[in-house]
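Numbering of ligands and ligand atoms starts at 1, following listing order. Residue numbers start at 1 and run along the sequence shown. Both backbone and side-chain heavy atoms feed into the values below; hydrogens, waters and symmetry mates do not.
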Amino acid sequence: MLNQLTISELTAKVARKEVSAREVMQSCLDQIGRIDGQIHAFLSYDAADALAQADALDKVVAGGAAANRPLLGAPIGIKDVLAVKGQPLNCASKILGKFVSPYDATVIQRLKAAGAIVFGRLNMDEFAMGSSTENSAFGVTRNPWDTSRIPGGSSGGSAAAVAADECLAALGTDTGGSIRQPAALCGCVGLKPTYGRVSRYGLVAFASSLDQIGPFTKDVRDAAMLLEVLSGVDHADSTSVPQPVPHYAAGLTGEIKGLKIGLPKEYMVGGLDPEVNQAVQNAVKQLQQLGAEVIEISLPHTDYAVATYYIVATAEASANLARFDGIRYGARVEGSDPISLYGNTRGAGFGAEVKRRIILGTYVLSSGYYDAYYLRAQKVRTLIRQDFLKAFEKVDVIVTPTSPTAAFKIGEKSDDPLQMYLSDIFTISCNLAGICGVSLPCGFTANPKLPIGLQVLGKPFGEETLLKVAHAYEQSTRWHKEKPIGKLTRR
Ligand code: GLN
């Protein structure tokens with residue numbers, strides 16, 4: 001079925017006119033019609049618009065002008081936090097009401113220019129705050145491998161849609177793991193680029209010093225192809241970095257002999273599920289067999305990462321979310337004066353987790369507490385970054401589990417925010433340090449059968465090496481070829 005293809009398989013077929021963009025798009029829409037009622041990855045999608053984009057691409061191919069469109073005809077789903085002109089933008093929150101984006105985010109402009117079909121609004125935790133997609137104001141997304149379980153979060157809709165073949169790839173965002181963790185839990189590839197690699201223009205900010213946009217794909221080659229399209233400096237985002245963009249897919253040689261892989265001793269912690277641990281140990285052995293050298297390293301400030309993150313991220317969120325005041329965007333609940341209008345709108349518009357974060361963030365920034373919490377967290381953040389930079393003097397990449405457990409049950413952690421926060425333990429440091437990371441499938445739990453993710457972390461702007469290692473491992477296994485089975489996909 002066309003919706004099961006990878007982008008690299010598809011684009012060649014479209015360019016040779018063996019397959020039309022319309023046929024591919026239709027096959028994704030058919031799959032959504034068949035199964036999204038059970039998964040709820042999409043908040044909405046505009047089928048007519050998606051097919052019109054496909055037809056326009058088919059005209060380009062017919063006219064012989066399809067060159068330089070590396071994503072030709074690939075339907076790509078979009079997390080509901082990125083601006084797509086003319087489409088709703090809600091961040092899975094009630095507070096944005098009927099807001100429609102007036103412009104395209106830079107990443108969306110780049111996808112369109114590369115010949116992708118940009119479609120759909122994918123579910124997420126409200127304002128990207130969460131690890132399970134249960135914080136969406138519009139209902140939970142279910143894991144395609146077991147619909148009684150969460151898909152991870154906050155980009156749960158993106159991960160579930162790719163895993164269930166509802167689109168060929170998707171965009172998500174990662175502030176503390178929101179691409180890598182759901183990719184791990186749904187069995188796809190999720191890449192968080194180095195801070196500054198991809199423009200954030202048109203992304204609704206959660207924590208601006210941590211947020212990055214990245215791809216969800218069915219294999220590592222597609223992640224490389226998408227990263228190449230998304231990357232590069234952008235004058236609309238002053239934090240995007242003018243580093244040259246390598247031809248990432250060309251670096252996937254399969255050759256990793258002599259590369260040095262670091263295993264952080266602090267990551268083999270209690271709370272790590274034995275099956276996850278075993279799968280990661282097996283992956284490390286596999287990498288050794290492929291010729292890599294494995295070295296134990298130390299990241300001594302790991303213990304402070306979760307606490308540091310929940311100070312920095314909430315502080316930035318409390319400032320960023322001040323703009324949702326009932327005046328400028330979306331929904332409004334009237335009041336007798338401006339202050340009560342703000343209060344009424346925000347009280348009715350934000351969900352419980354978003355309110356918790358705004359309150360925490362306001363507290364750590366308030367005078368008298370700023371030095372004790374926010375300033376100290378910034379200093380620890382620097383130490384965490386230095387841990388990584390020091391480790392990368394000895395090794396080329398670092399390998400860890402992505403998540404301490406496979407997908408948990410819906411409702412299992414939703415009443416216990418601390419337990420939920422701890423599920424980010426392996427992904428958060430990467431954002432604090434501003435480095436890059438990818439999660440890819442490395443096995444399954446036995447009963448029930450649930451995907452397990454391997455995380456590979458790389459140096460700042462070291463995506464080439466990161467992808468090379470991930471690809472060499474992937475190509476020596478069959479994990480990425482497995483599909484969710486059961487009543488979901490049985491027709
Ligand atoms: N789960 C983390 C949080 O709740 C990370 C979220 C993210 O990366 N957007 O903040």
Report the relative orientation of the aromatic rings in Phe206 and Tyr309; use parallel for angles under 30°, tilted for 30 to 60°, perpendicular for over 60°.
-> perpendicular

So, is the end of the Lys94 side chain (NZ or CZ) under 6.0 Å from the ring centre of Phe350 and within 45° of the ring's axis?
-> no

Using a strict 4.0 Å threshold on nitrogen-to-oxygen distance, state whether Lys413 and Asp416 make a salt bridge.
-> no

For ligand 1, what is the set of protein residues having any non-hydrogen atom at a distance below 4.0 Å?
-> Ala128, Met129, Gly130, Ser131, Ser154, Asp174, Thr175, Gly176, Gly177, Ser178, Phe206, Tyr309, Tyr310, Arg357, Asp424

Compute whether any side-chain donor of one residue and acceptor of the other, for Glu266 and Ser298, lie under 3.5 angstrom apart.
-> yes

Can you name the closest pair of heavy atoms from Tyr103 and Ala83 and give their distance?
-> O-CB, 3.5 Å

Does the gap between the ring centers of Tyr363 and Tyr370 come in under 6.0 Å?
-> no

